[in-house]
Protein chains: 2
Amino acid sequence: MAEYHYQRVYRELKQRILQGDYEVGSALPSENELSLNYGLTRVTVRQALATLEREGYIEKQHGRGNFVKAPRESLNLLSVRGFSEVLGETNHAVRTRILSPPAHVPWPDPFFYELPAAHLAKPCLNLQRLRFADENPVMLESAWLPDTGLSRLRQEPFVDGSFFKSLRRWYGIEITGMEQHLRAVAADAPTAKALQMRKGNPVLFITRQYTTSQPGLVIYGTIYCDTTHYAIGS
Amino acid sequence: MAEYHYQRVYRELKQRILQGDYEVGSALPSENELSLNYGLTRVTVRQALATLEREGYIEKQHGRGNFVKAPRESLNLLSVRGFSEVLGETNHAVRTRILSPPAHVPWPDPFFYELPAAHLAKPCLNLQRLRFADENPVMLESAWLPDTGLSRLRQEPFVDGSFFKSLRRWYGIEITGMEQHLRAVAADAPTAKALQMRKGNPVLFITRQYTTSQPGLVIYGTIYCDTTHYAIGS
DNA sequence: TGGCCCAGCTTGTATATACAAGTTGGATCG
DNA sequence: CGATCCAACTTGTATATACAAGCTGGGCCA
């Protein structure tokens, strides 16, 4: 689990950007300077910078430099990263309430994705959580996954309160990919109640399918999102 | 405007994937084979593959290979790419109706983004289009931009019907970045009418801000999207 | 003054190479 | 037979280097 050079450069630059050591709009040290300072080649430094650009921390400008971008105000949850990771970098106070702790339930039928037969043969692990930003309920999140022997999920609280982090720490399972579909729908009664809104009000409905490093383990998720006060950015 | 090597590899691989020469789920030739075939180094080939991965055409698997992913069914419009580009790769029949051709209007007040004073000094160019998939209206798209001397936009039909392509062809203006915010809202009367739905029904509302290669030119856009029959993927 | 050009900076593309890390299937050994 | 190991493949990280392409500011010239 040793950190690669480019990951270290990425982490340190990102930290300094978030701390404000590099001001918004200003240029980072040039790639040549960075490679000299870190004792790495420019190619390696550029790998770190490419990641920072993908994640929206900097903007690369050919012939000019790499510039620090303004931080996002909205909740960026369209990336693969989880809820806690994303909001940890914003100024919003975050809280999670577990509505249904991980437990076995029958596989929902109909399901919003086509289920491989191999999944139906295993018990279905389900959980439901409500996410708050600044004490307002904003996201109602559910997950379903085939229980391939993940008993600790039902027995212990999550590592740092993070579902994905627990999977990684306890079972070495990494998220390798994600697909999602977005819809605007009218809130049904239970959703409206959880999000403290009126039934029928428009909510953003996201269905997701995560692929993992464990063959055969696919995680399905849905999110109902109240976008009245917090838009979703990307 | 010569094509770079990695762009050629990207274009050719993408074409063969879309044509079905490489089947879904199968592995591409290994990076070593590709570099031999193209007479390029592995580093260059990997640049093309990284782009294909970002755009969701392939999935890289360490130690195994690069695998063709299944094409998306939904409309993927969360990327920077324009409407026509995105839907051109799906199986949906696409049509565009221009509701308001490009013309000068007063800057809307209030505007959904904070407007720099420099923009208000220039006339505001506005256009509105309705997008159809399979003959169903699915997106109501508007754009606002400061007219920095872009008179051909008001005088000629777009190149290939594409707004962005016209900007590139006529003025050499490239899109360098995009930020967007998503909300679920209730359709107001004109929106509902255009999308042939009932007023108050939930629609996906996207606000966008494009940055361009021309300093001072920022393009603002909104999209109302009926997700009843076509989800938005990413 | 005003316009042009160019040196010197920046990032972008590309080569050639080496080794690390993950996967797989077959050979080997108990 | 079954488990283990390993060679040969895959992709990932990293070095060192070169030149192309884009940008900027200062100096030169008309």
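This one's a predicted model, so the numbers in the text were calculated from it and none came from an experiment. Throughout, a chain's letter reflects where its sequence line sits, starting with A, and its residues are numbered from 1.
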Each nucleotide in nucleotides 8-16 of chain C should get exactly one letter: B, S or -. Can you fill that in based on protein heavy atoms under 4.0 Å? --BBBBSBB
Does a side chain donor of either Tyr210(A) or Arg208(A) reach within less than 3.5 Å of an acceptor in the other side chain?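 Side chains of Tyr210(A) and Arg208(A): pair found under 3.5 Å.
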Angle between ring planes, Tyr220(A) versus His119(A), binned at 30° and 60°: parallel, tilted or perpendicular?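 The rings of Tyr220(A) and His119(A) stand perpendicular, inter-plane angle above 60°.
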Describe, in one word, how the ring planes of Tyr6(A) and Tyr4(A) are oriented to each other, choosing from parallel (under 30°), tilted (30 to 60°) and perpendicular (over 60°).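 Tyr6(A) vs Tyr4(A) ring planes: parallel.
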Does Leu49(B) form a side-chain contact (heavy atoms from CB on, under 4.5 Å) with Glu31(B)? I'd like the steps, not just the answer. CA-CA 9 Å; Leu49(B) 293 170; Glu31(B) 298 177 357; 3.6 Å; yes
Please check if the number of heavy atoms outside Lys122(B) that lie under 6.0 Å from its NZ is greater than 12.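 Open: at most 12 neighbouring heavy atoms sit under 6.0 Å from NZ of Lys122(B).
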